[in-house]
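What follows is a short report on a single structure.
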2 protein chains.
Amino acid sequence: MRAEALKGHLDGLLLAALEAGPLHGYAVKEALREITDGRIDLPTGTVYPALHRLERAGLISGSWSVVGGRRRRTYALTAAGRTALGGERDSWQEFASAVTAALRARSWPATS
Amino acid sequence: MRAEALKGHLDGLLLAALEAGPLHGYAVKEALREITDGRIDLPTGTVYPALHRLERAGLISGSWSVVGGRRRRTYALTAAGRTALGGERDSWQEFASAVTAALRARSWPATS
DNA sequence: CGTCCCTATATAGCAACGCTACCTATGGAG
DNA sequence: CTCCATAGGTAGCGTTGCTATATAGGGACG
């Protein structure tokens, strides 16, 4: 998977990962990797800043806890986040169908 | 369609538009708009620099002509461009299926 | 005991990308 | 004569995800 392919679609994936219930950052990364059969394996330097961004935007809310001596920041979807997730799903559908149509097109308008 | 959604996928669309035959820049933009029912309507400030980039990369080759008093730069796929288009199609498939799977998932691994 | 790996979080700096805003220019419609 | 569609172009910007690096606890292995 090309590195920059994700641009603009990461937020939706993170929100989706939190839809079923709160997770901490590392668990989000792992969940995403598992659900996509390893196709989306985000570096931690991508996950954490993105989660911070989503929290600043009010789409998720985080809280610290300590489990087994390790500190964790667990995130949960906010109401706004749930709404945003719906929007991400819609816009992904629209985007994906458009790109698929364009890439698949055999006959293009001969506008030249 | 969110503005930044295209990031990393534009090249494939432009290459695909040229697959059926050479087009000039403005025609590429129009063809893309028509084939996607207006869902992908690129600003010219996106199209032209992208075509220059593809030309520099050797994926398309351009040539000037004059039609009706207006100068045009017509682009054609190179062999490398045709190969690249195949790669773009493959990586799009992989990417799209991964994102769709993640966004659709109802039950996420409870790795927390 | 030392080393390594997995878990867990974080940040600085970078490069790429597409967009906005602007500019030039021709030809046709009103 | 003005406006719009066509046709091409660039400078500068903001966002975004990645790389590289740092910290730290716990467990496995020798």
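Only heavy atoms go into these numbers, but all of them, side chains included; no hydrogens, no water, no symmetry mates. Each chain gets a letter, A, B and so on, in the order the sequences are listed, and its residues count up from 1.
Atom pair Arg72(A):CZ and dT7(C):C1' shows a separation of 9 Å (rounding to whole Å applied). With rounding to whole Å, His9(B) atom NE2 is found 13 Å from dT16(D) atom C1'. Counting to the nearest Å, the C1' atom of dT9(C) and the CG atom of Leu23(A) are 16 Å from each other. Per the geometry, NZ belonging to Lys29(A) stands 11 Å off C1' belonging to dT7(C), to the nearest Å. In this structure, Leu14(A) places its CG atom 15 Å from C1' of dT9(C), rounding to the nearest Å. For the pair Glu30(A) CD and dC5(C) P, the computed distance is 17 Å after rounding to whole Å. When the P atom of dA16(C) is taken as reference, atom NZ of Lys7(A) falls 10 Å away, rounded to whole Å. Put simply, CG on Leu42(B) is 13 Å from C1' on dC17(C), counting in whole angstrom units.
Between Gly69(A) and Leu10(A), the residue anchored closer to the 5' end of DNA chain D is Leu10(A), taking for each the nucleotide with the nearest heavy atom. When each of Arg70(A) and Trp64(A) is assigned the nucleotide of DNA chain C bearing its nearest heavy atom, the one mapping closer to the 5' terminus is Arg70(A). Sequence order on DNA chain D of the closest nucleotides to Gly68(A) and Val47(A) puts Val47(A) first from the 5' end.
In this structure the side chain of Arg70(A) never reaches within 4.5 angstrom of the side chain of His24(A), judged on heavy atoms. When side chains are defined from C-beta on, Leu13(B) counts as touching Leu6(B), because their heavy atoms get closer than 4.5 Å. Counting heavy atoms from C-beta on, the side chains of Glu88(A) and Trp92(A) never come closer than 4.5 Å. Counting heavy atoms from C-beta on, the side chains of Arg82(B) and Leu59(B) never come closer than 4.5 Å.
Remark: Arg71(B) is not in phosphate contact with dT24(C), judged by side-chain N or O atoms under 4.0 Å from OP1 or OP2. The phosphate of dG8(D) (OP1 or OP2) has a side-chain N or O of Tyr48(B) nearer than 4.0 angstrom.
In the set dG8(D), dA10(C), dG18(C), dG8(D) carries the atom at the smallest distance from any side-chain atom of Tyr26(B). Checked against dA10(C), dG17(D), dG9(D), the side chain of His52(B) finds its nearest nucleotide in dG9(D). Taking the side chain of Pro43(A) as heavy atoms from C-beta on, and the options dT9(C), dT19(D), dG9(D), the nearest nucleotide is dT19(D). The nucleotide whose nearest atom lies closest to any side-chain atom of Asp11(B) is, among dA7(D), dT9(C), dG18(C), dG18(C).
The heavy-atom pair separating Thr74(A) from Pro22(A) by the smallest distance is CG2-CB, 3.7 Å.
Using a 4.0 Å heavy-atom cutoff across all strands shown, Gly45(B) reaches at least one base atom of the nucleic acid.
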